[in-house]
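Everything on this sheet refers to the single structure shown next.
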There are 2 protein chains.
Amino acid sequence: MSDQTTCRRDARPRRLILAGAHRQPGYCLTCGIRAQSICSVIDDDDIARLAETAVETLALPGRTFIEEGAPATDFYNITSGSVKLFKALPDGRRQITGFATTGHFLGLAVSDQYAFGAEAIDTVRLCRFSRPRMRQLMDDFPRLERRLLAEASNELVAAQNQMLLLGRKTARERVASFLLERMREARDPAEDVPLPMTRSDMADYLGLTIETVSRTLSWMRTERLIAIGKGHTVRITAMERLEALAAGES
Amino acid sequence: MSDQTTCRRDARPRRLILAGAHRQPGYCLTCGIRAQSICSVIDDDDIARLAETAVETLALPGRTFIEEGAPATDFYNITSGSVKLFKALPDGRRQITGFATTGHFLGLAVSDQYAFGAEAIDTVRLCRFSRPRMRQLMDDFPRLERRLLAEASNELVAAQNQMLLLGRKTARERVASFLLERMREARDPAEDVPLPMTRSDMADYLGLTIETVSRTLSWMRTERLIAIGKGHTVRITAMERLEALAAGES
DNA sequence: AAAAGACATTGATTCAGATCAATTCAGCCC
DNA sequence: GGGCTGAATTGATCTGAATCAATGTCTTTT
């Protein structure tokens with residue numbers, strides 16, 4: 001009976017992915033707790049009521065599943081994979097406003113249009129809700145609303161950090177900040193930081209060009225701050241100095 | 001008896017400013033509706049319960065009432081006046097992440113430290129809550145939580161726009177975007193845009209220097225896009241061209 | 001294994017905006 | 001009105017990152 005108070009459920013064709021579907025790590029939709037954890041607000045009755053509210057979809061790498069400016073009809077929860085969020089100018093200039101991974105919510109707009117686009121980096125599993133359904137869910141599960149507020153607050157803090165980076169940091173400081181952010185994001189055992197995105201994505205995230213990103217990474221290598229590994233990874237070899245650089249202390 | 005369902009209340013020494021205190025326009029704390037409007041979730045009993053939850057404070061121009069990195073003990077609602085929010089680097093470089101005016105909430109942090117500083121531009125009237133009190137309020141009034149989520153969503157959209165501006169727009173595009181934003185913010189009858197902040201604030205908001213801001217405004221004047229008025233105002237004389245410039249179409 | 005294409009690095013040059021440096025202007029307070 | 005002070009403008013020069021241009025290095029395909 002312990003499963004009755006657990007968020008984890010197996011996959012079925014059309015269902016609400018509460019968490020941990022496909023045996024991958026995930027977050028409870030209503031409380032934000034990791035997949036295997038107990039989630040007291042959800043029981044079998046709740047799950048039966050919710051079963052038909054969401055559609056599971058798959059987005060292949062490179063697929064833009066949210067178009068900037070399009071009518072904001074749906075709301076998404078990322079079940080696995082990672083996504084880049086961006087805004088663009090008419091002449092093609094692009095700013096990546098953030099990366100989102102497993103457990104993140106997308107499409108929370110007050111406006112009736114999406115304010116940003118979203119594109120799959122690798123293969124992404126998504127849980128899609130209609131907007132009225134989402135409203136219903138928030139009414140039925142107040143903890144969901146609290147969870148969304150917490151996530152929005154965190155994103156706001158991240159956005160403010162990014163504004164400081166884009167408005168006032170040098171190229172070296174930007175790249176250092178980015179590497180440390182990636183490290184914290186992907187809490188691997190070692191200090192090997194995975195960089196699954198291209199140089200172009202890094203540049204569009206940091207407000208630089210691909211050449212400057214590349215040059216800066218090379219400079220960091222010659223300065224023995226990092227070691228550039230095989231297959232889009234970087235090892236930080238002088239954490240203290242990199243942190244000082246990212247914080248703008250040099 | 002119609003006052004029982006109205007948010008508007010007169011001022012008392014220590015009280016929750018629900019809205020419209022001091023006969024100034026304001027917003028209902030729980031529903032976000034303007035001062036004079038009906039707010040069905042608040043009645044006299046609620047008001048009695050809430051009466052002692054907040055402290056009204058005054059911040060004089062230039063006063064920093066939230067210190068970046070300080071323990072996040074309080075939560076604020078701006079009752080009147082305008083505020084600049086900012087982050088700084090150790091060497092003094094500064095990024096203004098936004099301006100907040102009447103009705104806005106500040107200090108909504110998941111972390112236990114403030115992620116940004118806040119300084120009064122003019123004289124600011126504030127309604128201050130302790131964090132536990134705020135949590136209590138959110139439990140008692142679910143609409144407050146919804147209101148905060150809506151505000152956070154809007155701020156997130158604004159933050160994404162600002163990231164695009166800081167990462168990818170030219171100085172001219174930045175200043176044009178800023179003027180239009182100010183115009184929309186202060187929906188005056190005429191096209192006279194008030195700019196109460198200094199050139200230094202504008203520069204720190206747009207990721208530029210004061211010289212570049214000044215030069216760009218002068219250029220816009222010679223190009224007959226704007227007319228610079230007396231006492232920190234600007235009149236937009238070529239809306240279409242300015243909008244095209246802000247959108248990056250030239 | 002070779003070819004093709006995308007992605008990444010490195011070099012040379014340019015330029016938008018920063019920095020340094022005077023003025024000029026707008027409030028203020030006697 | 002006449003200094004006084006901080007803010008704003010304007011000019012001259014410099015520089016960090018962009019742009020232009022090869023070259024090099026992975027991946028995928030066949």
Side-chain angles (χ1 to χ4, degrees), chain A residues 60-62 84 89 91-96 119 121-122 165-179 194-223 226-234 245 248 250, chain B residues 61-62 84 89 91-96 121-122 165-179 194-223 226-234 245 248 250:
Chain A
L60 298 176
K84 58 189 173 199
L89 291 170
D91 63 2
R93 278 175 288 173
R94 198 179 63 142
Q95 179 65 39
I96 292 182
E119 184 185 315
I121 294 176
D122 42 25
L165 180 147
L166 293 169
R168 290 300 181 215
K169 287 189 182 177
T170 65
R172 286 172 182 181
E173 290 164 355
R174 291 180 201 205
V175 173
S177 301
F178 177 72
L179 292 177
L195 300 176
M197 64 287 293
T198 63
R199 292 283 182 274
S200 177
D201 284 346
M202 289 173 58
D204 283 345
Y205 182 58
L206 299 174
L208 300 169
T209 59
I210 51 173
E211 292 95 330
T212 299
V213 170
S214 184
R215 269 187 252 276
T216 305
L217 287 171
S218 298
W219 173 82
M220 285 177 174
R221 181 166 39 71
T222 66
E223 290 286 313
I226 60 171
I228 297 172
K230 292 279 158 201
H232 284 262
T233 66
V234 156
L245 183 56
S250 50
Chain B
K84 56 189 173 199
L89 290 171
D91 63 2
R93 280 175 288 173
R94 197 178 65 141
Q95 180 65 40
I96 292 182
I121 294 177
D122 42 26
L165 180 146
L166 293 169
R168 291 302 183 212
K169 287 188 182 177
T170 65
R172 286 171 183 182
E173 289 164 355
R174 291 180 200 204
V175 173
S177 301
F178 177 73
L179 292 177
L195 299 177
M197 65 286 294
T198 63
R199 293 282 183 274
S200 177
D201 284 345
M202 288 174 59
D204 283 345
Y205 181 58
L206 298 174
L208 300 170
T209 59
I210 50 173
E211 293 94 331
T212 299
V213 169
S214 184
R215 268 186 252 276
T216 305
L217 286 171
S218 296
W219 173 82
M220 285 178 173
R221 181 165 40 71
T222 65
E223 289 288 311
I226 60 170
I228 296 172
K230 292 280 159 200
H232 285 262
T233 66
V234 156
L245 182 57
S250 49

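Lettering follows sequence order; numbering is per chain, from 1. We use all heavy atoms of the structure for the numbers below, so side chains are in, but hydrogens, waters and symmetry mates are not. It should be emphasised that the depicted structure is a prediction, and the values quoted were computed from it without experimental measurement.
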- [ ] Would you please test D201(B) and R94(B) for side chain to side chain contact (heavy atoms under 4.5 Å, CB included) and show each step?
- [x] CA-CA 9 Å; D201(B) 284 345; R94(B) 197 178 65 141; 3.0 Å; yes
Open item on the list: Quick one: does any side-chain atom of R199(A) pair with a main-chain N or O of E211(A) as donor and acceptor, under 3.5 Å?
Closed with: no
Just the table, please: protein N/O against nucleotides 6-8 of chain D N/O, every pair under 3.5 Å.
unit_1 : atom_1 : unit_2  : atom_2 : d
dA8(D) : OP2    : R199(B) : N      : 3.0

Task: Minimum heavy-atom distance M197(A)-F178(A), with the two atoms named - done: SD-CZ, 3.8 Å
Task: chain A footprint on DNA chain C, 5' to 3' - any atom under 4.0 Å from a heavy atom - done: dA8(C) to dA12(C)
- [ ] Give, for atom NZ of K169(A) and atom CG of L89(B), the distance between the pair rounded to the nearest 0.5 Å.
- [x] 6.0 Å
Open item on the list: Taking side-chain contact (heavy atoms from CB on, under 4.5 Å) as the definition, give me every residue that meets it alongside T233(B), ordered by chain and number, with sequence neighbours left out.
Closed with: D192(B)
TODO: Using whole Å, report how far CG of D204(A) lies from P of dA18(D).
DONE: 11 Å
Open item on the list: With rounding to the nearest 0.5 angstrom, report the CD1 to CZ distance, I228(B) to R221(B).
Closed with: 5.0 Å
Task: Distance, nearest 0.5 Å, that separates CG of L179(A) from CE of M202(A) - done: 6.0 Å
TODO: Heavy atoms under 4.0 Å is the rule here; annotate nucleotides 12-17 of chain D 5' to 3' with B where the base is hit, S where only the sugar-phosphate is, and - elsewhere.
DONE: B----S
Task: Approximate separation, where rounding is to 0.5 Å, of D204(A) CG and K84(A) NZ - done: 8.0 Å
TODO: For T170(A), enumerate each residue passing the side-chain contact (heavy atoms from CB on, under 4.5 Å) test, keeping only those at least two apart in sequence or located in another chain.
DONE: R172(A), E173(A), R93(B)
Task: Nearest-0.5 Å distance that lies between atom OG1 in T198(A) and atom NE2 in H232(A) - done: 8.0 Å
TODO: Note down the inter-axis angle between the two ends of the helix from dA1(C)-dT30(D) to dC30(C)-dG1(D), five pairs each, to the nearest 10°.
DONE: 50°
Open item on the list: Tell me whether R168(B) contacts the main-chain N or O of L208(A) through its side chain, where contact means a donor paired with an acceptor under 3.5 Å.
Closed with: yes
- [ ] Measure across A203(B) and T209(B) and return the closest heavy-atom pair with its distance rounded to 0.1 Å.
- [x] CB-C, 3.5 Å
Task: For atom CD1 of I226(B) and atom C1' of dT9(D), their distance in whole Å - done: 13 Å
- [ ] Mind checking the CG-CG spacing from L165(B) to L166(A)? Nearest 0.5 Å is all I need.
- [x] 10.0 Å
